[in-house]
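Order of the sequence lines fixes the chain letters, A, B, ..., with proteins taken first and strands second; residue numbering starts at 1 for each chain.
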Amino acid sequence: MVKITLDGVLQDVEEGLRLRDLAPDEALAAQINGTAVGLSAPVEDYAEIRWLTFADEKGREIFWHSSSHLMAHAVKKLFPRARLAIGPAIDEGFYYDFEVDAPFSDKDLEKIESEMHKLTSQALPIRRRIFPKAKLEHYYRFSGEDLKLELLAEITDEDVSVYEQDEFLDLCRGPHLDDTSKIGAFKLLSVAGAYWRGDENRQMLQRIYGISFPSRQELEDYLRRLEEAKASDHRILNRKLELFDIYEDVGPGLVLWKPKGTILRKVITDFWTTEHLKRGYQLVTSPHIARAELWKISGHYDYYKENMFFTSIEDHEYAIKPMNCPGHMMLYQSTKHSYRELPIRYAELGTVYRNERSGVVQGLLRVRGFTIDDAHIFCTPEQAPSEVSDVLDLCLFTIDAFGYKEIKVELSLWDPQKPEKYAGTPEKWGHAQQVLEQVLADKGVPFKRMDGEAAFYGPKIDIKLLDALGRPWQASTIQFDFNLPERFGLIYVAEDGAEHEVRVIHRAVLGSMERFIGGLIEFYMGNFPLWLAPYQVAVLTVTDASKEYGAEVATELIDTGIRTVTDFSSEKIGAKIRKFENEKVPYMLVLGEREVKEGTVTLRRHRVGDMGSFSLPDVIRRLKKEIKQRR
RNA sequence: GCCGACGUAGCUCAGUGGUAGAGCAACGCUUUCGUAAAGCGUAGGUCGGUGGUUCGAAUCCACUCGUCGGCUCCA
């Protein structure tokens, strides 16, 4: 007998068992003393066993990883010449990269899928085996798996583990499912090119993305959710909301804001401006183009040139600004500063243009011309902690004001192994990184440490919001910049009478107006809260007889600053209501004979329905209150 | 930029070598109506662009522009 702890309960079991002898049906794998293992692992004395199911993140990862092996197995059967690259589980599903002679088509995906079905129906056991590295090298050389050879060469261990199902074998740390029949339902979603090892100088591989679940039902639910998410895509919703347009003749990634979108920008801008002025920021404005010399000083000319647009004026080279920083640096540099003036906080809603590569522009989320809610804080090292803290407060306050509940926070730090890669001294980096981490800890904000992910000029905190498909997009960023103070020679005179280099904290709260609004559309599915809605109220007449009254009501609403649209046409009231429901206008006022006679208005709330009749002043009070609450 | 898919009326889509279609939207007339679509009619497209194959091209081919999904990059 051996003693084990199973799901927290101490018990005795026979000797010589394997995990699968004890596992319940839903168990995909297990953790023994905290380490994930497959169900073929032996049950050892004093093992603490916890089952991993599809409900566990680790369980899903194993499930999807095995699914990617299954797919690779099917691909090798159908395309024996395909060479294997890597095939990991991802946040939702899995992929596998292959080097093939001809790209996969959608038809190929169908074929691969049906081959996968054959393999799952055979319930092939998935076996872990250990090989001496040299033997596996020989095998891979013999079978022409060049990419696997490259991966293998980087492994320093004498023995390596492989996983085997029928004739398919893959270099893999595992663990994996017990047999292929556990993968109940799957779908291959798309093919895409992907560079080998993510390096665009290396060959492009064919990547197949897929998703899988234990049951058919779960897969169908997932695919339906995916369809629904597509309906909340800001580009689709925009057709009804009419906020912006992008035209081929104007250029990709260049947004034209329509009247309703421009009003939305103004509401956001007004909010932003008020909050910044409250917090001691000063607004500045910098020009859209500047001489190449400025960008040489800032370093952009050398390091960011491929993303910049240029023009020339009277034989002088000018650049269209890709960033607002240099302008703000010039403003600071132009006069001598005392420590008594610091911190100085320059903020600008500055529109910049960047030559994004053609394959990456996407709706409002990735564009070539965009307005950053930029600010640069010039302060002493001692002031940095409270400045960073205040910025983080502003970010969290703003994100909350716009209704977001879930965010992802990342702290990007340098790679201490390569200090030569970075601007600024190790002392500055140490101090700044400690400040950022401490502020996050003090506020109790959960964050992910990203070692080696910092830009060369400084460490940063990024806050990300999610789009309709769950993809994270950056909103807020708080970055130290050690590069620009050096390049522009930004100093202040301290108490000791000596000149010291000023600290620059570069930050954006919304990120960019374009991306932020794109995210907002998706977050609210177009159903904006009253304070943000481009039109807040639609005034609708039942018949021509109430036209005059309608005009009076609309005028009064507009006079009190409520964004109002009218429809006095001869359409039936049902048709008008449908129209403004589709346009997602938060409130409608229905005016017929009755309202004219009683001097009232009948209120209808978007997506709710008839709310009854009120006096107009009551309705205005109600709307004003709701606008103030930003709900 | 690279890989793949796609591009027909303002929108959603049908049309696979033989005279460009539907619904919605627009416009006109009729209708004056009470909480998600009134009726009739009119107009609207060199089928993303250029070139080629063909007696004939929305349809086949090449190039190009754009969009979408990825890679890479990033606010």
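In this structure, NZ of K230(A) is placed 14 Å from C1' of G70(B), rounded to the nearest angstrom. Atoms OH (Y247(A)) and C1' (G7(B)) sit 18 Å apart, rounded to a whole Å. When rounded to the nearest whole Å, the span between NE2 of H234(A) and P of C68(B) equals 8 Å. Atom P of nucleotide G4(B) and atom CZ of F98(A) are separated by 17 Å, given to the nearest angstrom. Atom pair I90(A):CD1 and G69(B):P shows a separation of 15 Å (rounding to whole Å applied). Put simply, CD on E583(A) is 13 Å from P on A25(B), counting in whole angstrom units. Rounded to a whole Å, the NZ atom of K187(A) is 18 Å from the P atom of G69(B). Atom CZ of F244(A) is separated from atom C1' of U67(B) by 13 Å (rounded to the nearest Å).
Of the P atoms belonging to C55(B) and C68(B), the separation is 40 Å, rounded to the nearest Å. Rounded to a whole angstrom, the distance from the P atom of U16(B) to that of G10(B) is 22 Å. A22(B) and U64(B) have their C1' atoms separated by 32 Å, given to the nearest Å. Going from the C1' atom of C27(B) to that of A20(B) covers 22 Å, rounded to whole Å. Nucleotides U54(B) and G45(B) have their C1' atoms positioned 24 Å apart, rounded to a whole Å. A distance of about 16 Å separates the C1' atoms of G7(B) and U50(B), rounded to the whole Å. For the C1' atoms, the distance from C13(B) to G56(B) is 27 Å, rounded to whole Å. Taking atom P in both G52(B) and G39(B), one finds a spacing of 49 Å when rounded to whole Å.
In this structure, K460(A) contributes its side chain and L411(A) its backbone to no donor-acceptor pair below 3.5 Å. Checked by atom type and distance alone, the side chain of R604(A) never pairs as donor or acceptor with a backbone atom of V590(A) at under 3.5 Å. With K576(A) contributing its side chain and T541(A) its backbone, the two residues share a donor-acceptor pair below 3.5 Å.
In this structure, A545(A) and Q206(A) both approach RNA chain B, and ranking their closest nucleotides by distance from the 5' end singles out Q206(A). Comparing V191(A) and S358(A), the nucleotide of RNA chain B nearest to each residue sits closer to the 5' end for S358(A).
Base contact: A192(A) has a heavy atom under 4.0 Å from a base atom. Residue contacts for G363(A): at a heavy-atom cut-off of 4.0 Å it reaches the sugar-phosphate backbone alone, with no base atom in range.
Considering only side-chain N and O atoms, Y209(A) lies under 4.0 angstrom from the phosphate OP1 or OP2 of C71(B). Of the side-chain N and O atoms in Q362(A), one or more sit less than 4.0 angstrom from OP1 or OP2 of G69(B).
Pairs engaging residues 235-255 of chain A under the side chain to side chain donor-acceptor pair (under 3.5 Å) rule: D233(A)-R235(A), D245(A)-Y247(A), D245(A)-K258(A) [sequence neighbours left out].
Within a 6.0 Å radius of CZ in R81(A), other residues, nucleotides and ligands contribute 12 heavy atoms or fewer.
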Per-nt protein contacts along nucleotides 33-41 of chain B (heavy atom under 4.0 Å; B base, S backbone sugar-phosphate only, - none) come out as BBBBBB---

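Nucleotide U72(B) has no partner under the Watson-Crick or G-U criteria, as no pair reaches both atom distances under 3.5 Å. The partner of A22(B) is U12(B), by the rule that a Watson-Crick or G-U pair needs both atom distances under 3.5 Å. Look at C47(B): it lacks any Watson-Crick or wobble partner with both distances under 3.5 angstrom. Shown here, U32(B) forms no base pair; nothing in the strands shown gives a Watson-Crick or G-U wobble contact with both key distances under 3.5 Å. The pairing partner recorded for A5(B) is U67(B), the criterion being a Watson-Crick or G-U wobble arrangement whose two distances lie under 3.5 angstrom. Both distances falling under 3.5 Å, in either a Watson-Crick or a G-U wobble arrangement, place C60(B) opposite G52(B).
E453(A) and K448(A) are not joined by a salt bridge, as no carboxylate oxygen comes within less than 4.0 angstrom of a charged side-chain nitrogen. Comment: R225(A) does not engage E92(A) in a salt bridge, judged by the lack of any side-chain N to carboxylate O separation of less than 4.0 angstrom. Between R578(A) and E581(A), no side-chain nitrogen of the basic residue sits less than 4.0 Å from a carboxylate oxygen of the acidic one, so the salt-bridge criterion is not met. Remark: R279(A) engages E275(A) in a salt bridge, criterion side-chain N to carboxylate O under 4.0 Å.
A donor-acceptor contact closer than 3.5 angstrom is absent between the side chains of T543(A) and E593(A).
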_Could you go through E150(A) and R197(A), starting from their C-alpha distance and side-chain angles, then the distance that decides it, and tell me whether this counts as salt bridge (charged side-chain N to carboxylate O under 4.0 Å, His left out)?_
CA-CA 11 Å; E150(A) 191 178 327; R197(A) 320 218 86 178; 3.7 Å; yes

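Within the 4.5 Å cutoff, side-chain heavy atoms of Y195(A) are placed close to those of E200(A).
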Run the side-chain donor-acceptor check on residues 504-515 of chain A: report pairs under 3.5 Å with partners two or more places apart or on a different chain.
| residue | atom | partner | partner atom | Å |
| --- | --- | --- | --- | --- |
| H506(A) | ND1 | Q479(A) | OE1 | 3.4 |
| H506(A) | NE2 | D374(A) | OD1 | 2.8 |
| R507(A) | NH1 | H276(A) | NE2 | 3.0 |
| R507(A) | NH1 | Y281(A) | OH | 3.1 |
| R507(A) | NH2 | H276(A) | NE2 | 3.2 |
| R507(A) | NH2 | D373(A) | O | 3.2 |
| S512(A) | OG | R515(A) | N | 3.0 |
| E514(A) | OE1 | T371(A) | N | 2.9 |
| E514(A) | OE2 | R265(A) | NH1 | 2.9 |
| R515(A) | NE | L365(A) | O | 2.9 |
| R515(A) | NH2 | L365(A) | O | 3.1 |

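Residues meeting the side-chain hydrogen bond (donor to acceptor under 3.5 Å, both in side chains) test with E348(A), sequence neighbours left out: S286(A), K321(A), H328(A).
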Nucleotides 12-14 of chain B: which of its N/O atoms have a protein N/O under 3.5 Å away?
| residue | atom | partner | partner atom | Å |
| --- | --- | --- | --- | --- |
| U12(B) | OP1 | R239(A) | NE | 3.1 |
| U12(B) | OP1 | R239(A) | NH1 | 2.8 |
| U12(B) | OP1 | R239(A) | NH2 | 2.7 |

Pairs: protein N or O with nucleotides 72-75 of chain B N or O, under 3.5 Å:
| residue | atom | partner | partner atom | Å |
| --- | --- | --- | --- | --- |
| U72(B) | O2' | E200(A) | OE2 | 3.4 |
| U72(B) | O2 | R357(A) | NH1 | 3.2 |
| C73(B) | O2 | R366(A) | NH1 | 2.6 |
| C73(B) | O2 | R366(A) | NH2 | 2.2 |
| C73(B) | N3 | R366(A) | NH1 | 3.0 |
| C74(B) | O2 | R515(A) | NH2 | 3.2 |
| A75(B) | O3' | Q474(A) | NE2 | 2.8 |
| A75(B) | N6 | R366(A) | NE | 3.3 |
| A75(B) | N6 | V367(A) | N | 3.4 |
| A75(B) | N6 | V367(A) | O | 2.8 |
| A75(B) | N1 | V367(A) | N | 3.3 |
| A75(B) | N3 | S512(A) | OG | 3.0 |

